[in-house]
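Input: a single structure, listed below in structure tokens.
As the structure is a prediction and not an experimental result, all values here were calculated from the model.
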Amino acid sequence: MTIIDVIGAAIGCGAQDDGCKDGPRALLQAGALARLRTPGTQSGLVHDIELAMAAGHSRAARLAAQHGVAGFSRALADATAHSLHEGHVPVVIGGDHSCAIGTWSGVASALRPHGPLGLIWIDAHLDSHTPQSSDSGAIHGMPLAALLGHGAPALTQVRDAAPKVLPQHVAVIGARSYEPAERALLDQLGVRVIDADEVASNGLRATMADAIRQVTAGTAGFGVTLDLDAFDPAVAPGVGSPEPGGLTGQEMAQALAACARDARFTAFELVEYNPRHDKNGITARLALDLLGSVAGALHAQRHEYATAA
């Protein structure tokens, strides 16, 4: 029996538009738990973590939120680490993308005795600002940099002071809107960025297969974090930072299934659903379909392993 631990990470103060704080509850009410309960898969809401802090209206106020985000991240890291220690698969439903600091700090900590974490980051943005480079001060634009060990200590030292991922173990997929400073940081570190044009040229299936090969080389396991703004706004209008020219739902469901069928797949995170901007629930339905794809593939992977054993 595959046990999926569903973790609601209700945070919105990392973004300029804090409507994402309502995303986890909205998706759970729309049926997220049922979609994660495929035959042979058990799931339940084991944690519901919330940071009740409004998004700041100035750069200084947003930067000041980092201490609240750090506390939230520690609680979230404890939850994902505990899930893995129990032999379960944590599935985090955010919240703005600053929650990734907590999610992957915990996963990296749990995996560390066995080896490093690999991470596939699917997003329209690079999320690799530091407080010094960010014009907005929005923390949801900083989580990947923080996980790589760059940024405010309150964000980089969640659970421990070590970088949570190494540059060679990260693949960013679908980026199409970012500032020169954050791209310069990732290029300097050697992080692979597969932008939207390259995905369109090679196809998402081949792109994901290539990314899986990269993030599983020399790692103990890998995870996927998916920002819903990676999709075209026509497919997913219910996000806080929409960008034209994104991915489609069907190809992403297949790509995520390919990840979850891999025995080294350890955790999944879906973020930035903003119900304030959804239209007729189409973004919520897409999110539920993606969660269902992950759960179904996890069951198939564990069933194949048990049969082979």
Side-chain angles (χ1 to χ4, degrees), residues 5-16 18 20-25 45-56 61-85 90-112 116-117 119 121 123 125-132 134 136-166 170 182 223-227 240 266-273:
D5 288 343
V6 182
I7 303 170
I11 184 171
C13 65
Q16 294 96 319
D18 65 5
C20 290
K21 72 180 186 299
D22 301 319
R25 186 172 303 278
L45 181 60
V46 295
H47 294 283
D48 192 0
I49 302 168
E50 181 175 359
L51 179 58
M53 178 185 288
R62 292 178 191 131
L63 288 173
Q66 66 184 253
H67 298 291
V69 173
F72 174 92
S73 298
R74 288 192 292 271
L76 181 52
D78 289 345
T80 56
H82 177 75
S83 176
L84 285 170
H85 285 313
V91 171
V92 174
I93 302 176
D96 73 63
H97 216 165
S98 67
C99 70
I101 297 170
T103 296
W104 303 106
S105 292
V107 173
S109 175
L111 286 182
R112 191 166 290 121
L117 166 68
L119 184 58
W121 193 282
D123 202 320
H125 309 94
L126 294 180
D127 292 358
S128 295
H129 274 297
T130 65
Q132 292 72 34
S134 173
S136 71
I139 299 173
H140 77 157
M142 305 180 189
L144 180 52
L147 291 168
L148 288 161
H150 293 262
L155 304 179
T156 63
Q157 297 181 13
V158 172
R159 205 167 174 91
D160 54 53
K164 309 310 183 286
V165 288
L166 298 176
V170 178
E182 51 183 341
V224 176
T225 182
L226 170 61
D227 188 322
T266 60
F268 178 63
E269 179 180 55
L270 184 148
V271 303
E272 295 273 353
Y273 174 55

Compile the donor-acceptor pairs under 3.5 Å between side chains in residues 66-77 and protein atoms, sequence neighbours left out, one pair per line.
residue, atom, partner, partner atom, Å
Gln66, NE2, Leu63, O, 3.0
Ser73, OG, Val69, O, 2.8

Minimum heavy-atom distance between [X] and [Y], given as atom pair plus value:
| X | Y | result |
| --- | --- | --- |
| Gly106 | Ala81 | O-CB, 3.4 Å |
| Ser98 | Ile11 | OG-CD1, 3.5 Å |
| Pro131 | Gly151 | CD-CA, 4.0 Å |
| Asp227 | Val271 | CA-CG2, 3.7 Å |

Identify, with sequence neighbours excluded, every residue that meets ring-ring contact (aromatic ring centres under 6.0 Å, His included) alongside His97.
Trp121
Are the side chains of Asp18 and Asp96 in contact, using a 4.5 Å heavy-atom criterion?
no
Could you grab the distance from atom [atom1] of [X] to atom [atom2] of [Y], nearest 0.5 Å is fine?
| X | Y | atom1 | atom2 | value |
| --- | --- | --- | --- | --- |
| Trp104 | Thr80 | CH2 | OG1 | 8.5 Å |
| Ser136 | His129 | OG | NE2 | 6.5 Å |
| Leu117 | Ser109 | CG | OG | 11.0 Å |

In residues 140-150, what donor-acceptor pairs under 3.5 Å come from side-chain atoms, sequence neighbours left out?
residue, atom, partner, partner atom, Å
His140, ND1, Glu272, OE2, 2.9
His140, NE2, Gln16, OE1, 3.2

Going by side-chain contact (heavy atoms from CB on, under 4.5 Å), name the residues that satisfy it together with Pro24, two or more places apart in sequence or in a different chain.
Ala10, Ile93
My understanding is that only residues two or more places apart in sequence, or in another chain, count here; which of them pass side chain to side chain donor-acceptor pair (under 3.5 Å) with Thr103?
Glu269
Residues in side chain to side chain donor-acceptor pair (under 3.5 Å) with Ser105, at least two apart?
none
By the salt bridge (Lys or Arg N to Asp or Glu O under 4.0 Å) test, which pairs, at least two apart or in different chains, include something from residues 152-163?
Asp78-Arg159, Arg112-Asp160, Asp160-Lys164
